[in-house]
Amino acid sequence: MRDPDYEALPDRIRSALKNHVRGLRGEKETAFMLDRKFGPDNDAHILIHNLRLPDGQGSFAQFDQILLSRLSRTASIIESKNYSGRISMNDHGEWTVWYNNQRFSTDIPNPVEQVKRQRDVLAAWLKRHGHTKAFERIGVFVSVPPEARIDRKRIKETEPIFKADNLVRAWEPFGMVSGIGRLFSTGVSTAQMTAIADQLIADHVEEEDIYVRLGIHFGPDGTSAEPDASQAADTDPEPIVDTPEEPAPEPVTVTSQPATPLSEPTMPEMVFPSPGPRKAGAQIEVCAGIMERTLPDGRIAFQAAKDDHIGREALTALCKGRAVWNPMLANWVCPPEIATEIRAGLLNAVQLAQLP
């Protein structure tokens with residue numbers, strides 16, 4: 001954003017970068033508060049920052065913070081929001097922020113429903129790995145900056161949204177065990193809590209670089225080149241194609257040493273390299289309505305037309321489990337060797353998608 005070329009970027013990309021920076025500031029402020037209370041020297045809790053897990057539906061859940069508390073057998077999800085105005089909600093559950101010096105409110109996604117969806121993903125992960133008894137309850141909390149104003153006349157006290165400086169106090173009735181309670185606690189051991197935390201971290205899937213996601217490429221001199229707007233034009237989510245559910249792995253037996261994490265197979269394309277000096281190639285139609293292009297780092301991006309439901313369904317069926325879905329650019333990204341397999345199966349996949 002300090003680059004002289006920043007102002008020349010499209011409004012959409014400049015807005016996305018500003019939101020990204022605001023989000024990082026909010027997460028950092030909440031993380032600082034939590035680290036002071038649940039730092040690495042605390043043997044009763046483990047705090048995990050910035051965890052990204054598959055949601056089982058072809059996408060991912062991004063957790064700002066997950067707090068594991070062994071004595072109370074609780075897991076807490078904290079979602080950080082950097083809303084600096086007055087936060088309100090109407091009778092239909094629609095959330096808004098009234099920023100200073102603005103005549104109209106700004107609509108925002110429901111942050112409580114967002115963190116509840118994250119709870120569902122974490123609950124499924126714990127069940128799949130056999131840890132539901134270790135962490136019996138999952139609490140959700142939304143953290144906003146101390147200077148934000150929560151309209152408590154419109155937002156009920158039961159809604160788990162709190163200012164960052166009051167977050168720990170709001171959490172204590174859910175996850176804290178008193179000094180006397182420690183004597184009678186039937187919580188899990190430190191070793192078991194650590195092993196489960198290691199498993200969570202092992203299943204983390206790195207998010208692609210913000211510049212790759214926005215289509216910003218850097219030239220040989222380090223300055224930003226014009227973003228590839230054609231690649232980022234379609235942002236509708238890809239339809240979900242049901243797949244057979246895999247059997248759950250056996251629960252981990254924890255010994256005095258941390259258990260070996262049972263993680264799902266990882267694909268090399270999950271790690272996104274930083275953008276290089278090359279430009280993305282031109283779009284090429286490989287099948288009716290389905291395009292491909294070569295990205296600056298050599299990977300291949302497949303994309304179906306927005307209104308081509310058959311093409312999108314066929315592409316999803318072929319790419320799921322082989323390629324990575326990029327919701328910002330609405331395309332599937334994979335290495336060249338995987339792209340060869342996808343390309344070869346496109347025609348047959350389209351024909352299958354057309355069957356009643």
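These figures come from a predicted structure and were not determined experimentally.
Atom CD1 in I87 sits 4.5 Å away from atom CD1 in I161 (nearest 0.5 Å). Going from atom CD1 of I201 over to atom NE2 of H49 covers 10.5 Å, rounded to the nearest 0.5 Å. Atom CD1 of I66 sits about 5.5 Å away from atom CG of L200, to the nearest 0.5 Å. The CG atom of L68 sits 7.0 Å away from the CE atom of M193 when rounded to the nearest 0.5 Å. In this structure, the separation between CG on D64 and CD1 on I77 is 10.5 Å, given to the nearest 0.5 Å. Interatomic distance, CH2 of W332 versus CD1 of I290, reported as 12.5 Å (0.5 Å rounding).
Side-chain contact between N82 and P145: present, with at least one pair of heavy atoms (C-beta onward) separated by less than 4.5 Å. The side-chain heavy atoms of F162 and R169, taken from C-beta on, include no pair separated by under 4.5 Å. Residues K37 and E172 are in side-chain contact: their nearest non-hydrogen atoms beyond the backbone lie under 4.5 Å apart. Counting only heavy atoms from C-beta outward, the side chains of Q65 and L34 approach each other to under 4.5 Å. In this structure the side chain of P335 never reaches within 4.5 angstrom of the side chain of I300, judged on heavy atoms. In this structure, E94 and M89 have side chains that are not in contact, with every pair of non-hydrogen atoms separated by 4.5 Å or more. Proximity of T74 to E136: side-chain heavy atoms (C-beta onward) are nowhere separated by under 4.5 Å. Between C319 and W325, the closest side-chain pair of non-hydrogen atoms is not below 4.5 Å.
Panel note: side chain S189, backbone Q192; a donor-acceptor pair is recorded below 3.5 Å. Between the side chain of D35 and the backbone N or O of F38, no donor-acceptor pair lies under 3.5 Å. R73 places a side-chain N or O within donor-acceptor distance of the main-chain N or O of K133, the cut-off being under 3.5 Å.
Using a 4.0 Å cut-off between charged nitrogen and carboxylate oxygen, R299 and D297 count as a salt-bridge pair. At a threshold of 4.0 Å, the pair D55-R117 does not count as salt-bridged, since none of the basic side-chain nitrogens sits closer than that to a carboxylate oxygen.
The shortest non-hydrogen separation linking A170 to P173 is O-CD, 3.4 Å. Closest non-hydrogen pair, P160 versus V140, comes out as CB-O, 3.2 Å. Between A164 and P146, the shortest heavy-atom distance links the atoms CB-CD, 4.2 Å. In terms of heavy atoms, I196 sits closest to A134 at CD1-CB, 3.7 Å. The heavy-atom pair separating S143 from L167 by the smallest distance is CB-CD2, 3.9 Å. Counting all heavy atoms, side chain and backbone alike, C334 lies closest to A323 at CB-CB, 3.7 Å.
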>> T106 vs Y99, test: side-chain contact (heavy atoms from CB on, under 4.5 Å). Steps then yes/no.
In response: CA-CA 8 Å; T106 300; Y99 291 107; 3.8 Å; yes
> Between R293 and F302, is a side-chain contact (heavy atoms from CB on, under 4.5 Å) present by the stated rule, with each step listed?
Replying inline: CA-CA 7 Å; R293 72 190 311 151; F302 290 95; over 6 Å; no
>> Please determine whether side-chain contact (heavy atoms from CB on, under 4.5 Å) holds for the pair L53 and F60, giving the CA-CA distance in whole Å, both sets of side-chain angles, and the decisive distance to 0.1 Å.
In response: CA-CA 5 Å; L53 297 177; F60 300 90; over 6 Å; no
> Does the pair K163 and I150 meet the rule for a side-chain contact (heavy atoms from CB on, under 4.5 Å), with working shown?
Replying inline: CA-CA 8 Å; K163 294 186 178 184; I150 303 173; 4.3 Å; yes
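Between W95 and Y83, a ring centre-to-centre spacing not shorter than 6.0 Å is recorded.
Clustering ILVMFWY residues whenever any of their side-chain heavy atoms sit less than 4.5 angstrom apart, transitively, puts M291 in a cluster other than the one holding I310. Following chains of ILVMFWY side-chain contacts shorter than 4.5 Å, one can reach W125 starting from L51, so the two form part of one hydrophobic cluster. Cluster annotation: V286 is connected to L318 through the hydrophobic network of ILVMFWY side chains, with a link wherever side-chain heavy atoms come within less than 4.5 Å.
Under 3.5 Å, the side chains of T190 and R70 contain a donor-acceptor pair of N or O atoms. With 3.5 Å as the limit, one finds no donor-acceptor pair spanning the side chains of H204 and N50. Q199 and H131 are linked by a side-chain donor-acceptor pair at a separation below 3.5 angstrom, with hydrogens and angles left out of the test.
A cation-pi contact links R137 to F174, judged by a cut-off of 6.0 Å to the six-membered ring centre and 45° from its axis.
Relative ring orientation between W171 and H45 is described as perpendicular, the plane-to-plane angle rising above 60° on a 0-90° scale split at 30° and 60°.
Partner of P111 under the side chain to side chain contact (heavy atoms under 4.5 Å, CB included) criterion, chosen from K81, E159, K116, E79: K81.
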Only distances under 3.5 Å count here; give the side-chain donor-acceptor pairs of residues 340-348 to other protein atoms, sequence neighbours excluded, each with its distance to 0.1 Å.
{"from": "T340", "atom 1": "OG1", "to": "P336", "atom 2": "O", "distance (Å)": "3.2"}
{"from": "R343", "atom 1": "NE", "to": "E292", "atom 2": "OE1", "distance (Å)": "2.7"}
{"from": "R343", "atom 1": "NH2", "to": "E292", "atom 2": "OE1", "distance (Å)": "3.3"}
{"from": "R343", "atom 1": "NH2", "to": "E292", "atom 2": "OE2", "distance (Å)": "3.3"}

